[in-house]
J.: 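Before I ask anything, let me first share the structure, which is written out below as C-alpha cells.
Below, read A as the first sequence line, B as the second, and so on, with proteins coming before strands; counting in each chain starts at 1.
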Protein chains: 2
Amino acid sequence: MAASTLTEVARLAGVSPATASRVLNGSARKPGPDIADRVRQAADSLGYIPNAQAQGLAKSSSGLIGLIVHDIADPYFAAIARGVQEAAREQGRMVLLATTAGAPGDEKEAVAAFAARRADSIVIAGSRSSRTEDTDGNADLAAELDRYCRNGGQVAVVGHPVVGAAVSDGYHVVEVPNEELAASLASELSASRADDDFVIIGGPEGLFTSDDRIRGFQQGLAEAGRPPAEILRSSFNRAGGFGAGLTLAARIKASRPEAGGVGATGNGGGSKGLCIFAVNDVMAIGAAAALRSEGLRIPRDATIAGFDDIETLRDFRPALSTVHLPLEEIGRIATRSAAGTAAADGAGTPPPVTGQVTLRRSTETAS
Amino acid sequence: MAASTLTEVARLAGVSPATASRVLNGSARKPGPDIADRVRQAADSLGYIPNAQAQGLAKSSSGLIGLIVHDIADPYFAAIARGVQEAAREQGRMVLLATTAGAPGDEKEAVAAFAARRADSIVIAGSRSSRTEDTDGNADLAAELDRYCRNGGQVAVVGHPVVGAAVSDGYHVVEVPNEELAASLASELSASRADDDFVIIGGPEGLFTSDDRIRGFQQGLAEAGRPPAEILRSSFNRAGGFGAGLTLAARIKASRPEAGGVGATGNGGGSKGLCIFAVNDVMAIGAAAALRSEGLRIPRDATIAGFDDIETLRDFRPALSTVHLPLEEIGRIATRSAAGTAAADGAGTPPPVTGQVTLRRSTETAS
DNA sequence: CTGGTCTGGGAAAGCGCATTCCCACTGCAT
DNA sequence: ATGCAGTGGGAATGCGCTTTCCCAGACCAG
C-alpha cells in the first residue's frame with residue numbers, strides 16, 4: 001500500500017489536483033472556504049503526506065540544511081549542532097548531518113551530497129586547515145562550494161573561511177574572535193599567575209582554530225611583557241592533550257629539587273610554577289588527567305586553562321578555567337545567516353560572536 | 001546558473017538521456033566503454049551533480065535515514081548519533097536529524113516529516129514514555145509509525161518499543177538490557193558496600209529507561225537480601241541529579257552526630273554510609289556536584305554510581321562507577337537492523353547489546 | 001442589455017530522472 | 001541467403017507535485 005498522493009486526495013474531494021495543491025500547501029491563491037474544507041477532509045481521511053521530494057523537484061528547493069562537523073560525538077560540535085537544529089526548526093527545515101573527521105576531501109564529498117539533495121544551505125562547523133597535505137582537498141572543497149553557491153546555495157562557515165573559497169554573496173563566515181579571546185585569557189592569566197612560566201598545548205600546525213588561539217595567547221603574553229610560551233603540538237583531542245600532559249608531567253617532576261613523592265609540595269624551592277594553556281577544553285581535560293595520573297595535582301603543581309567552556313565538562317574538578325564560547329548561539333547564527341534571514345533586517349551582517357574569559361579553580365593561586 | 005541536468009550531459013555527449021543515466025548511475029545495463037567514457041567526460045566538464053530528489057522520485061527511495069533523539073547535545077545521544085552516522089555512511093546514505101525533547105507529539109511530527117522525505121528508515125533513540133500525559137501523543141506516534149511501516153518504511157527503536165505500536169516486519173527493537181545490568185550493578189554494590197544504605201535517583205515515573213533501571217536495581221538488591229531502596233524522582237538530566245543531590249546532602253549532614261564542619265570525617269559514629277544510584281551518568285554527575293557544593297566528599301561521605309559510561313565524563317573525579325553501554329555500537333546496530341541488512345544473514349535478529357558493570361573510585365570503600 | 005474586469009477553478013506543462021518498451025543492428029546457425 | 005537470438009541504444013512514460021496559462025462565470029459600470 002503506497003502512500004496516497006495529491007491526485008487521490010483531489011479526486012476524493014472532487015476537485016483538480018491544482019486546487020488540492022493550493023489548499024494543502026501555502027499558495028498565493030486561496031481557494032474558497034467550502035472547497036478548502038472538502039480538500040482538507042479528504043486529505044485527512046486518506047492520511048495524506050505530501051511527498052517532499054516531488055515538492056522539492058517542482059519548487060527546486062528542499063527545505064534541507066546541510067551540517068558538516070568533524071565528529072558529532074564531540075561535545076563542541078554537538079553543542080553547535082543543537083543550535084543549528086534549533087534554528088532549522090524555526091525555519092521549518094530539517095538538518096542533514098555529515099561527519100568528516102576534518103578531512104577536506106570528505107567535506108567536499110559532503111558538500112556534493114548536499115548539493116545533490118538540493119539543500120537550501122550548508123553550515124560548515126569544523127575548523128579549517130591550511131596544512132600542505134590538505135591543499136588539494138581544500139581546493140576541491142572550495143571549487144565545490146563555489147559551484148554550490150553559483151547554483152544559488154547559501155553556505156555559512158564557522159570560524160575561518162575555507163582556504164581559496166571565492167567570495168560570493170551566498171558565502172557567509174561567522175567570525176569567532178579566537179585570537180582576541182586567547183589574548184585576553186593570556187593577559188588575565190599573566191596578572192593572576194605572575195610567577196608562572198607558560199606553555200601551550202596546541203593542535204597540529206595549520207589548524208586555524210588552534211593557530212589563532214595560539215597566536216592570540218602569545219600576543220597577550222607579549223603585551224603583558226612576558227616571553228613567548230613554548231608550544232607543544234599534539235592532536236586536537238583528548239588523547240593529544242593527554243600525551244602532551246605526560247610530557248609536561250615528566251618535566252615538572254624533573255625540575256623539582258626534592259625527590260617528588262606523591263604528596264610532595266609543588267613549586268618547592270622557589271622554582272617558578274607552570275601554567276598550561278590547552279587550545280580547547282577537551283585537550284585541557286586530557287592534559288589534566290595525565291598530570292593526575294603522574295601524581296601531580298592541579299592547581300598545586302601546575303595550573304591549566306582551556307578554551308570553549310564545554311557544558312559537559314563544567315563539573316570537572318578542579319573547575320577548569322577557560323574561555324566561554326556561545327556554541328549553541330554560534331550554530332544558530334550560522335544557520336540564520338545562511339538562510340538569508342539575517343540579510344533581511346538592515347545591514348545583513350550577523351550579530352558578532354562574543355566570548356568571555358572565565359577563570360576558575362584550575363588556575364587559582366594556591367593559598 | 002542552474003545546476004546542469006542529465007539531459008544536458010547527454011546532449012553534450014551526443015547520446016540519449018537514457019544512456020547517460022545508465023552510465024552515470026549504477027544500472028543493470030552497461031553501455032559500451034567508448035560511450036561511457038564520452039558521457040563521463042561530458043558530466044565532468046559540466047560539473048554534473050545528479051539531482052537526488054529527482055532520483056528519489058523516480059526510484060521512490062531517498063537514501064535518507066531519519067534519526068530521532070531528545071537532544072543532540074546530550075552526550076548519550078551524541079554517542080548514539082555517531083554510530084548511526086557511521087552505519088549510514090557504510091550504507092551510502094545520509095542522516096536526517098530531528099530533536100524532540102522526548103515529546104511524543106514532536107516525535108510524531110518528526111516521523112511524518114521523515115515520511116514526507118521518503119526516508120528509507122527511521123531510528124528512534126530517545127527513551128519511550130508511558131506517562132499518562134503522553135498517552136495521546138504515543139497513540140499518534142504509534143499510528144504514524146504504523147503508517148510509515150505499511151508504506152514500506154523500516155524503523156528501529158532503541159530500548160523499548162513505542163507504546164501501542166503494531167508489530168510489523170518493518171519494525172525493529174534494539175533491546176538494551178537495562179534491567180539486568182542494573183541488577184548486576186546492585187548486586188556488585190551490595191557486595192562491596194555491605195554497610196551502606198541505598199538510595200536511587202530516578203527520572204520521572206513512566207520513562208522506560210529510568211523505570212527499567214530502577215526495577216532492575218531493586219531486584220538486584222532483593223536478590224542480595226537487601227531491603228528496597230528509597231527512590232527520589234527528578235528530571236532525567238543534570239539539573240535533576242543536582243536537585244536530588246541537594247536533598248540527599250541535607251539528609252546526610254543531618255544524620256551526622258557531630259556538627260559537621262567541612263573537614264569532618266564522614267560516616268562518623270558508626271552510622272551507615274549512603275550509596276547513591278543515579279539512573280544515568282549525567283544525573284550522577286549532577287548529584288555529585290550537589291554533594292560537593294554542600295561540602296561533602298565522595299566516596300568518603302557518600303558513594304555514587306551512574307549508568308551509561310559517557311565518554312566525556314570518564315575524566316571526572318572521583319572516577320564514576322557506572323554501567324558501560326556500547327552507545328556507538330547501539331547506534332550502528334539500530335541503523336543496520338533498520339536497513340534490512342541484518343535480516344539478510346540468517347536469523348535476522350540483530351546482535352544483542354551487552355553492557356558491563358564498571359566499578360570505579362566513586363564507590364570504593366574508603367581506606 | 002452589453003462590454004468590461006475580476007474571481008476562482010481546471011488543464012497542462014514541466015521539474016530531473018529511471019525505466020520499460022521498442023527498434024536497428026550484429027553475429028551465428030541453418 | 002535466411003532466420004534467430006542477442007546486444008546496445010533511443011523514445012516515451014511516469015514518479016508527485018507546482019505553476020502558468022486559460023477559461024467560465026459573476027459582477028459592475030455604462
J.: Does a salt bridge link A:Glu329 with A:Arg332, judged by any charged N lying under 4.0 Å from a carboxylate O?
T.: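 Yes, this pair counts.
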J.: Measure the distance from CG on A:Leu6 to P on C:dG10 and round it to the nearest whole Å.
T.: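 Whole-Å distance recorded here is 13 Å.
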J.: For D:dT18, does either OP1 or OP2 sit under 4.0 Å from a side-chain N or O belonging to A:Asn25?
T.: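 Indeed, a polar side-chain atom of A:Asn25 lies that close.
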J.: Counting the atoms with a prime plus P, OP1 and OP2 as sugar-phosphate, which does B:Pro17 contact under 4.0 Å by heavy atoms, base, sugar-phosphate, or nothing?
T.: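 Answer is nothing: B:Pro17 stays at 4.0 Å or more from every strand.
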J.: Just checking, is any N or O donor in the side chain of A:Ser129 or A:Asp134 under 3.5 Å from an acceptor N or O on the other one?
T.: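 A donor-acceptor contact under 3.5 Å links the two side chains.
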J.: Could you tell me how far apart B:Arg117 (CZ) and D:dC17 (C1') are, to the nearest whole angstrom?
T.: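 Checked: the CZ to C1' distance equals 14 Å.
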J.: Want to settle it: does A:Leu57 or B:Ala18 sit nearer the 5' end of DNA chain D, counting the closest nucleotide to each?
T.: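 Of the two residues, B:Ala18 wins.
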J.: So for B:Arg22 and D:dG10, does any side-chain atom that can act as donor or acceptor lie under 3.5 Å from a complementary atom in the base?
T.: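 Indeed there is one.
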J.: For C:dA18, does OP1 or OP2 lie under 4.0 Å from any side-chain N or O of B:Ser21?
T.: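 Yes, such a contact exists.
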J.: Using heavy-atom distances to pick each residue's nearest nucleotide on DNA chain D, tell me which of B:Val15 and A:Ala20 is more 5'.
T.: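 Nearer the 5' end of the strand: B:Val15.
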J.: Do A:Asn25 and A:Gln55 get their side chains close enough for a donor-acceptor pair, meaning under 3.5 Å?
T.: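 Yes, a side-chain donor-acceptor pair sits under 3.5 Å.
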J.: Tell me the interatomic distance from A:Glu8, atom CD, to D:dG16, atom P, rounded to whole angstroms.
T.: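 Distance check: A:Glu8 CD to D:dG16 P gives 8 Å.
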J.: Tell me which nucleotide among D:dG9, C:dG16, C:dA11 gets nearest to the side chain of B:Ile35.
T.: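 Of the candidates, D:dG9 comes closest.
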J.: Rounded to whole Å, please give me the gap between CZ in B:Arg38 and C1' in D:dG9.
T.: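 Spelled out: CZ on B:Arg38 to C1' on D:dG9 is 11 Å.
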J.: Taking the side chain of B:Pro50 as heavy atoms from C-beta outward, which of C:dC17, C:dA18, D:dG16 is closest to it?
T.: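 So the side chain of B:Pro50 is nearest to C:dC17.
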J.: Verify the contact: side-chain N or O of A:Ser60 to OP1 or OP2 of C:dC15, cut-off strictly under 4.0 Å; return yes or no.
T.: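 No, no such contact exists.
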J.: Tell me whether B:Asp37 at atom CG has more than 12 heavy atoms from other residues, nucleotides or ligands lying less than 6.0 Å away.
T.: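 Yes, CG of B:Asp37 has more than 12 neighbouring heavy atoms, counting only those of other groups under 6.0 Å.
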J.: Grab the CG-P distance between A:Leu24 and D:dC17 for me, whole Å please.
T.: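 Distance check: A:Leu24 CG to D:dC17 P gives 9 Å.
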J.: Whether A:Asp146 and A:Arg150 form a salt bridge (side-chain N of Lys/Arg under 4.0 Å from carboxylate O of Asp/Glu) is what I want to check.
T.: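 A:Asp146 and A:Arg150: salt-bridged.
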J.: Looking only at side-chain N and O atoms, does B:Gln55 come under 4.0 Å of OP1 or OP2 in C:dC17?
T.: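 Result: no.
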J.: Rounded to whole Å, how long is the line connecting atom CG of A:Leu46 with atom C1' of D:dG16?
T.: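 Whole-Å distance recorded here is 14 Å.
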J.: Between B:Asn151 (CG) and D:dC15 (P), how many Å, whole number?
T.: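 Whole-Å distance recorded here is 16 Å.
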J.: Quick check on D:dG10: is either OP1 or OP2 less than 4.0 Å from any side-chain nitrogen or oxygen of B:Thr19?
T.: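 Result: yes.
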J.: Whole angstrom is fine here: how far is it from CZ in B:Arg118 over to P in D:dG16?
T.: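 Atom-to-atom, B:Arg118 to D:dG16, this comes out as 8 Å.
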J.: Closer than 4.0 Å, any side-chain N/O of B:Thr5 to the OP1 or OP2 of C:dG16?
T.: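 Indeed not, no polar side-chain atom of B:Thr5 lies that close.
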